[in-house]
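Quick caveat, the model's predicted, so the values are computed rather than measured.
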Amino acid sequence: MLSKPNKLTIAILLAFSFVQNACTQPKVTQTLNLDFEQHRNGFPSQWTTFGDKEYKVYVDSVHKKSGKFSVVVENTGSKKNYGALSITLPDNYEGKSIRLSGFIKTENVTEGYACLWIRIDPQIAFDNMSNRGVIGTTDWAPFEINVPLNPKETKQIVIGGLLVGKGKMWLDDLKITIDGTELGDPKIKTFQKETFAAEADKAFDEGSKITFPSLNQDLIHNLDLLGKVWGLLKYHHPEIAKGKYNWDYELFRFLPDYLKVRDKQQRDDLLTKWIQKYGVLQACKTCKATPSDAVLKPDLTWINNTGLSANLKNQLNDLYNNRSQGKNYYIALEPGIGNPNFSNENPYSGLTNPDAGFRLLSLYRYWNMINYFFPYRHITDKKWDTVLKEYIPKFLNAIDKLSYELTAAQLIGEVNDTHANLWGGREKSNALRGTKFAAFKAEFVQNQLVVVDYFNPEFSELAKVKIGDVITHVNGKTINSLVDSLKPYYPASNSAARLRDMSIDLLRSPSNAISLNYLSDGQKRQVKVPTYERKNLRMYHWYKVDSSQKCYKLLPANIGYITLANIKQEDIPEIKKTFKETKGIIIDIRNYPNTFVPFSLGSYFVTEPTSFAKFSTGNPDNPGEFVFREGDKIPNENNKYTNGNNGYLGKLVILVNENSQSQAEYTAMAFRAVKNSIVVGSTTAGADGNVSTIFLPGGLRTMISGIGIYYPNGKETQRVGIIPDIVVKPTIKGIKNGKDEVLERAIKVINQ
């Protein structure tokens, strides 16, 4: 999501690499090659690598901790990204915790870190030493990471080494222990995971084999009803919840007969028999009514509003009243967080161009996930109940992969969530957009696309445009017309976030040059500018980070400044000490925080535990229900760096803009709760809450904000964003003059 490698993005990238490559990972049946003594053609046996192609992995016989070889991860290019080395463990293990230890040596590691990492899928545990990685040039030293085990939920355990940024790392003598016992010891017990009948059903692995007749309104209406019945059964029927049925393939078994129905009565009778096929429902003794104060309640009005037969209505209502309770094969909540984990959803990555049946399945799957487990379905622009019917012809008519990708992007956009983009599986649409970029960055300023920076200043003469110039046309099309035509394909919570995401792609192309019309010092000009592959540019996506500089500094007039873009936990004690007597502190969150700081830094500013948020979470026992639960508090502490019980006495100013998203917005909420704080800047991206991953047929991957984030008084943050107390936006004049007008206003606030 972000070009800057940080804990969240590395976690997501590592996680997705393994989910997508699970079928191609080597199954390790022999002794694990943890000392890297086994290799072939210079590459360590049993291991795989992924990340940027500029990062090379190979064995080294000169520098090693022991034995004859170590392994090296080296950034051989000029840009910073990441390179990872990984191996999937052969089994799942009983126990409380797993430890990965080993030795790391580094050379000139900058703008990132070197580390060990471990991940337990799906989203059970993860550690990549992001706040304690190795930097600089260091000799061999031991490191270890520990994460808790959850064998019942674990699909796979993956370990490895990781280099983020520039430089070179060596890795040697890895060791894995379960509760202190080294892997390989016969005392360690492997966990035999429960098998499910749903996983043995392979009937439609090669295709749905469904032929659809010509669409008309009756058929679309029937398919709309089927999608809702299919979803109700999936998340409510006790037998389906047990994993007895591959619910995707049960749809394909039912569809051929359903497509032949001639009237409503025949349709309803067929649906009734389909429900009865899965057994007689037992009376549910633990089902609870939806609380009257629930934030969201299940919306099953369609059962009574679609002219169904009395028998079918009774069947559907009976299913809801006697719904599954407890563990569900297709849905769970992440422990300790509460965002949905859409478990056991096959991405069907091998279907490079899903047929019509799988495309309909894609729509059904996504619509029902949102209907039952999206905390913000009540604030989408369209009433969610209407979206399914609208998109049935769109998905069935998306006959090639490009059309399918674009239609999926449009559907995802209907949830109005900046987290919910099409993050994976969009090869055709990416090829259409191209892989080459102009050598400069442009952003929307005062509703115009303005040149704000050069990625590579040495290319500025070829680019012709200057900082502050206004681009009016790209390849002959006005910026406004491009924005209007592209808007449906850029999911976003609000306009500020959408324009932010569009801006970089407007200067992207499959060609070696793009034609621009622009205004420079009031003069209309035209130029053809060259484009470059990303690897040849020092590109950044939303904001620039100078990792060579400290995250804090003292400004004139005794004002402290902190940027969260590269803050580390070890910086915080020094910040507190350095800024103790300052007139005020500015915390810049026009970025994604490198480290989670609401508690460790927030405690500096409060004298008592201070609430700043509350959450809404879903309920798999009553799908569609969301209730409030108490959120986090900033802890107070007897801090030697503050003025006793009075805490920090200066003013606190928080800077935000459209680059402030997710954890950045959550952090801004925390600091806003400080009594003497003021928020300055512009509206944030409006996408808060821990993310949940969704896979769709054809290997498509997206996400949603998985829990609701609210202020303690229940006020919304999703889509609204963090609204500043003082609105200040950059101007074209300020950009031309190299000014940071938001920071200048913050300084003025403190000095007033």
Side-chain angles (χ1 to χ4, degrees), residues 1 16 19-20 23 204-215 219-220 223-224 226-227 230-231 246-249 251-252 255-256 259 342 345-371 374 380 382 384 386-417 419-435 485-492 501-502 505 508 510 693-704:
M1 270 192 306
F16 291 152
V19 172
Q20 292 177 329
C23 294
F204 299 94
D205 285 3
E206 302 301 320
S208 72
K209 306 172 186 176
I210 305 296
T211 300
F212 287 84
S214 298
L215 290 175
L219 179 56
I220 292 171
L223 290 174
D224 174 61
L226 175 60
W230 178 86
N246 181 328
W247 200 236
D248 296 349
Y249 290 178
L251 173 66
F252 297 154
L255 262 170
L259 292 173
F342 298 107
E345 296 290 357
N346 193 333
Y348 302 107
S349 300
L351 299 176
T352 54
N353 187 21
D355 62 32
F358 273 97
R359 296 197 302 273
L360 184 67
L361 168 65
S362 183
L363 174 60
Y364 283 1
R365 181 186 291 184
Y366 188 81
W367 187 88
N368 281 287
M369 287 173 169
I370 300 301
N371 190 54
F374 182 49
T380 56
K382 291 180 182 175
W384 190 247
T386 68
V387 171
L388 179 57
K389 189 173 185 178
E390 176 186 344
Y391 274 83
I392 286 170
K394 293 182 179 181
F395 270 78
L396 290 180
N397 291 327
I399 58 175
D400 57 55
K401 183 61 160 50
L402 176 60
S403 299
Y404 175 52
E405 289 177 20
L406 294 176
T407 303
Q410 286 182 280
L411 173 67
I412 292 165
E414 300 290 4
V415 301
N416 305 119
D417 180 4
H419 279 143
N421 212 318
L422 186 54
W423 298 115
R426 57 183 311 165
E427 295 82 10
K428 296 296 184 181
S429 46
N430 277 337
L432 183 67
R433 295 190 298 177
T435 60
S485 63
L486 293 173
K487 182 179 177 181
Y489 307 106
Y490 283 79
D501 291 345
M502 275 187 186
D505 284 343
R508 177 178 179 176
T693 302
I694 293 174
F695 289 101
L696 300 176
L700 303 189
R701 171 171 50 81
T702 182
M703 298 189 297
I704 55 171

**Prompt:** Checking Thr407 side chain against Ser403 main chain: does a donor-acceptor pair fall under 3.5 Å?
**Reply:** yes

**Prompt:** What's the spacing between Ile392 CD1 and Leu360 CG if we round to 0.5 Å?
**Reply:** 6.5 Å

**Item:** NZ or CZ of Lys401 within 45° of Tyr404 ring axis and under 6.0 Å
**Value:** no

**Item:** pair Asn430-Thr435: side-chain heavy atoms closer than 4.5 Å
**Value:** no

**Item:** Gap between atom CG of Leu226 and atom CG of Leu255 - 0.5 Å precision
**Value:** 5.5 Å

**Prompt:** Can you find a heavy atom in the side chain of Phe204 that is under 4.5 Å from one in the side chain of Asn246?
**Reply:** no

**Asked** Taking C-beta and beyond as the side chain, do Thr352 and Glu427 meet within less than 4.5 Å on heavy atoms?
**Response** no

**Message:** For the NZ atom on Lys382, are there more than 12 heavy atoms of other groups (residues, nucleotides or ligands in this structure) within a distance under 6.0 Å?
**Reply:** yes

**Message:** Please determine whether the number of non-hydrogen atoms from other residues, nucleotides or ligands lying under 6.0 Å from atom NZ of Lys428 exceeds 12.
**Reply:** no

**Prompt:** In this structure, are over 12 heavy atoms from other groups packed under 6.0 Å from Leu215 atom CG?
**Reply:** yes

**Asked** Considering residues at least two apart in sequence or located in another chain, which fulfil the salt bridge (charged side-chain N to carboxylate O under 4.0 Å, His left out) criterion with Asp205?
**Response** none

**Prompt:** Going by an N to O cut-off under 4.0 Å, is there a salt bridge joining Arg365 and Asp248?
**Reply:** yes

**Request:** Find out whether Leu361 and Tyr366 are in side-chain contact, i.e. whether some heavy atom of one side chain is under 4.5 Å from a heavy atom of the other.
**Result:** no

**Item:** Lys209 side chain reached by Phe252 side chain, heavy atoms, under 4.5 Å
**Value:** no

**Message:** Quick one, Leu223 with Tyr364, criterion side chain to side chain contact (heavy atoms under 4.5 Å, CB included). Give me CA distance, side-chain angles, the key distance, then yes/no.
**Reply:** CA-CA 10 Å; Leu223 290 174; Tyr364 283 1; 3.7 Å; yes

**Complete:** Closest non-hydrogen atoms of Ala356 and Leu396, given as atom of the first, atom of the second and distance, are O-CD2, 3.7 Å

**Request:** Please test Lys389 against Ile220 for side chain to side chain contact (heavy atoms under 4.5 Å, CB included), starting from the C-alpha separation and ending with a verdict.
**Result:** CA-CA 7 Å; Lys389 189 173 185 178; Ile220 292 171; 3.8 Å; yes

**Prompt:** Say you draw a straight line from CZ of Phe395 to CG of Leu363; how long is it, rounded to the nearest 0.5 Å?
**Reply:** 5.0 Å

**Asked** Are the side chain of Asp355 and the backbone of Gly357 linked by a donor-acceptor contact shorter than 3.5 Å?
**Response** yes

**Request:** With the side chain counted from C-beta on, respond yes when Leu402 and Ser429 share a heavy-atom pair under 4.5 Å apart, and no when they do not.
**Result:** yes

**Asked** Are side-chain heavy atoms of Pro510 and Leu432 found at a separation under 4.5 Å?
**Response** no

**Request:** Apply side chain to side chain contact (heavy atoms under 4.5 Å, CB included) to Leu411 and Lys394, showing your working.
**Result:** CA-CA 10 Å; Leu411 173 67; Lys394 293 182 179 181; over 6 Å; no

**Message:** Could you measure the distance from the CE atom of Met502 to the OH atom of Tyr489? Nearest 0.5 Å is fine.
**Reply:** 11.0 Å

**Message:** Please check: side-chain N/O of Thr702 versus main-chain N/O of Asn421, any donor-acceptor pairing under 3.5 Å?
**Reply:** yes

**Asked** Between Tyr391 and Gln410, is any side-chain donor less than 3.5 angstrom from a side-chain acceptor?
**Response** no

**Message:** Would the distance check show the side chain of Arg426 and the main-chain N or O of Glu405 forming a donor-acceptor pair, the cut-off being under 3.5 Å?
**Reply:** no

**Prompt:** Can you say whether the rings of Trp230 and Trp247 are parallel (under 30°), tilted (30 to 60°) or perpendicular (over 60°)?
**Reply:** parallel

**Item:** Inter-residue atom distance Leu259.CG - Thr211.OG1, 0.5 Å rounding
**Value:** 9.0 Å

**Message:** If I take atom CG from residue Asp224 and atom CG from residue Leu388, how far apart are they, to the nearest 0.5 angstrom?
**Reply:** 4.5 Å

**Prompt:** Between Ala420 and Pro491, what is the shortest heavy-atom contact and its length?
**Reply:** O-CB, 3.2 Å

**Asked** Okay, side chain of Asn416, backbone of Thr380: is any donor-acceptor separation there less than 3.5 Å?
**Response** no

**Item:** Nearest heavy-atom neighbours spanning Pro354 and Gly698
**Value:** CG-CA, 3.7 Å

**Item:** Under 3.5 Å: donor-acceptor pair, side chain of Asp505, backbone of Arg508
**Value:** no

**Asked** Between the side chain of Arg701 and the main-chain N/O of Phe695, is any donor-acceptor distance below 3.5 Å?
**Response** no

**Message:** How close do Ser214 and Leu219 get, counting heavy atoms only, and between which atoms?
**Reply:** O-CD2, 3.8 Å

**Request:** Classify the angle between the aromatic ring planes of Trp367 and Trp384 as parallel (below 30°), tilted (30 to 60°) or perpendicular (above 60°).
**Result:** parallel

**Item:** Residue pair Ile412 / Ile694, side-chain heavy-atom distance below 4.5 Å
**Value:** no

